[in-house]
Amino acid sequence: MRVVTTAQPLDVQPTPLALLLLGREADPKSERGVECPGDLPAPSDPDLVERARAAKAKLGDKVFVLGHHYQRDEVIEFADVTGDSFKLARDAAARPDAEYIVFCGVHFMAESADILTGDDQQVVLPDLAAGCSMADMATAEQVAECWDQLTEAGVAEQVVPVSYMNSSADIKAFTGKHGGTICTSSNAKRALDWAFAQGDPATSKVLFLPDQHLGRNTAVRDLGMSLDDCVVYNPHKPNGGLTVEQLRAAKMILWRGHCSVHGRFSLESVNDVRARIPDVNVLVHPECKHEVVAAADQVGSTEYIIKALEAAPRGSKWAIGTELNLVRRLANRFAAEDKEIVFLDKTVCFCSTMNRIDLPHLVWALESLAAGKVVNRIEVDKETESFARLALERMLALP
């Protein structure tokens, strides 16, 4: 017998947070994905440390472990090299004898490593859920539609795509196929200079993918453009939310993407830390919003941040606008030199997808490889790899 019950409506008023999660409200001061309450995940079981050591020792020279700067210390401990995404991909390519490349980073980084390494090498990502929200904000279908609209507006022939390293292999391949180049946060100015030199400087344009903030900051701070020279293409709006006239007038067509960590920092964060810590130096990553970059004392890539703190005088004070794992590691490293290093925002904010690569996942990947089983292999198809490699080679040839 089937019993049917009739639910009675509950007199419950949804909270603002519930409405926000349901998509019925919006926070105008926040970009998607920048909320990060709470603290870092708890450290993994210490017993796993010995298992990781044993598996890595068994594999010997057959495995090469890469650790991105934003990884937790328990993972970095087992990395053969550490660095930013492009440095790690190049380090992998420089180790042709390593049969397995275990990339402790996110998906697009492992793709880049697969593109740059040999066919006989296998790239493994310990957790396939370790993606990148920024990279996911530009899909191949969306970018192809954008290019069609640029063509219809009569400006595609004047546009050179420049894609940030933090993009999928598909986007890198699109860039290579359309005569563009890849850039990092360190060489973005050189990449833009190169792109504008490919045509008539008076009419040349750049389609910058997928991080609008790095594109805008580089154009305005380094190339002397105005904010009016930049427009934002929103793939979720008809025609990108732009008119034909706007596309024709713009020099920088910025994709509406951003980093969920660096998008967290605000001008209020800068003002607050200056009020709390006299004589503090504010150092931020160029993926931060333009108003944050404009208010900072120094701006630079992850490697720039590390070198700046290495060169900083004893007793200096720094507020760093980048991922929390790296900031904490640097604070501990330079504590003996009396350098005060704090996170720019008062709210804890780490890269949640990067932190999916924890010690349990790393142990599983290493033990599987030691047992002769390849798991979570990242493999880019040959056509995509060919055009993506072309875009990367253009970057390597930048003057």
Side-chain angles (χ1 to χ4, degrees), residues 31-33 107-108 111-112 131-184 188 191-192 194-196 198-200 203-220 223 225 227-260 263 287 289-290 380-381 383-384 386-388 390-392 394-395:
E31 295 179 300
R32 180 170 69 85
H107 196 274
F108 79 80
E111 285 183 331
S112 297
C132 171
S133 60
M134 180 202 294
D136 291 343
M137 289 177 192
T139 67
E141 294 77 13
Q142 290 172 333
V143 176
E145 182 178 350
C146 171
W147 196 259
D148 288 342
Q149 290 166 7
L150 295 176
T151 302
E152 292 174 9
V155 299
E157 291 185 358
Q158 304 161 18
V159 176
V160 175
V162 175
S163 292
Y164 191 22
M165 191 72 184
N166 299 28
S167 58
S168 69
D170 286 337
I171 301 306
K172 290 183 175 72
F174 168 89
T175 304
K177 188 179 295 186
H178 290 83
T181 185
I182 307 303
C183 76
T184 68
L192 289 183
W194 174 88
F196 283 114
Q198 299 312 296
D200 182 349
T203 58
S204 293
K205 304 175 187 298
V206 164
L207 171 63
F208 195 90
L209 299 153
D211 179 23
Q212 61 169 309
H213 300 310
L214 177 61
R216 181 183 295 107
N217 289 328
T218 306
V220 175
L223 272 65
M225 294 185 192
L227 291 174
D228 291 336
D229 290 322
C230 308
V231 295
V232 177
Y233 182 94
N234 186 343
H236 303 292
K237 289 186 177 181
N239 300 316
L242 298 170
T243 65
V244 171
E245 290 73 20
Q246 286 176 306
L247 288 173
R248 290 175 177 170
K251 292 189 69 65
M252 290 286 293
I253 302 169
L254 307 170
W255 193 264
R256 191 176 184 271
H258 64 272
C259 170
S260 297
E287 289 176 18
K289 299 173 187 175
H290 182 67
V380 179
D381 69 87
E383 181 180 3
T384 302
S386 174
F387 284 109
L390 179 60
L392 287 165
R394 288 194 185 113
M395 179 182 73

Would you name the heavy atoms of [X] and [Y] that are closest together and state the gap between them?
X: Ser133; Y: Ser260; value: OG-OG, 2.6 Å
X: Met395; Y: Thr181; value: N-OG1, 3.2 Å
X: Phe108; Y: Ser167; value: CB-O, 3.3 Å
X: Gly176; Y: Arg394; value: O-NH1, 3.1 Å
X: Met137; Y: Trp255; value: O-NE1, 2.8 Å
X: Thr218; Y: Ala188; value: OG1-CB, 3.6 Å

Do any N or O atoms from the side chain of [X] and from the backbone of [Y] form a donor-acceptor pair under 3.5 angstrom?
X: Arg216; Y: Cys230; answer: no
X: Asn239; Y: Gly241; answer: no
X: Asp229; Y: Met225; answer: no
X: Arg256; Y: Gln212; answer: no
X: Lys172; Y: Phe387; answer: no
X: Gln198; Y: Ala195; answer: no
X: Gln142; Y: Pro235; answer: no
X: Gln246; Y: Thr243; answer: yes

Could you state the interatomic distance from [atom1] ([X]) to [atom2] ([Y]), rounded to the nearest 0.5 Å?
X: Cys259; Y: Leu214; atom1: SG; atom2: CG; value: 11.0 Å
X: Ser386; Y: Lys177; atom1: OG; atom2: NZ; value: 9.5 Å
X: Leu223; Y: Asn217; atom1: CG; atom2: CG; value: 12.0 Å
X: Ser168; Y: Met134; atom1: OG; atom2: CE; value: 12.5 Å

Should Leu392 and Leu390 be marked as a side chain to side chain contact (heavy atoms under 4.5 Å, CB included) after you check the CA-CA gap, both sets of side-chain angles, and the distance that decides it?
-> CA-CA 5 Å; Leu392 287 165; Leu390 179 60; over 6 Å; no

Under the criterion side-chain contact (heavy atoms from CB on, under 4.5 Å), which of Leu150, Val206, Val232 is the partner of Ile253?
-> Leu150

Report the C-alpha separation of Thr384 and Asp170 in whole Å, then their side-chain angles, then the decisive distance to 0.1 Å, and conclude whether the side chain to side chain contact (heavy atoms under 4.5 Å, CB included) test is met.
-> CA-CA 6 Å; Thr384 302; Asp170 286 337; 3.8 Å; yes

Run the numbers on Leu242 and Tyr233 for side chain to side chain contact (heavy atoms under 4.5 Å, CB included), then give the verdict.
-> CA-CA 7 Å; Leu242 298 170; Tyr233 182 94; 4.3 Å; yes

Can a donor-acceptor pair be found between the side chains of Thr151 and Asp148 at a distance below 3.5 Å?
-> no

Starting from the C-alpha separation in whole Å, work towards a yes-or-no answer on side chain to side chain contact (heavy atoms under 4.5 Å, CB included) for Val143 and Ile171.
-> CA-CA 8 Å; Val143 176; Ile171 301 306; 3.6 Å; yes

Could you give the side-chain donor-acceptor pairs of residues 154-165 under 3.5 Å, partners two or more places apart or in another chain?
| residue | atom | partner | partner atom | Å |
| --- | --- | --- | --- | --- |
| Ser163 | OG | Thr175 | OG1 | 2.6 |
| Tyr164 | OH | Glu287 | OE2 | 2.5 |

Whether His213 and His258 hold their rings parallel, tilted or perpendicular, with breakpoints at 30° and 60° | tilted

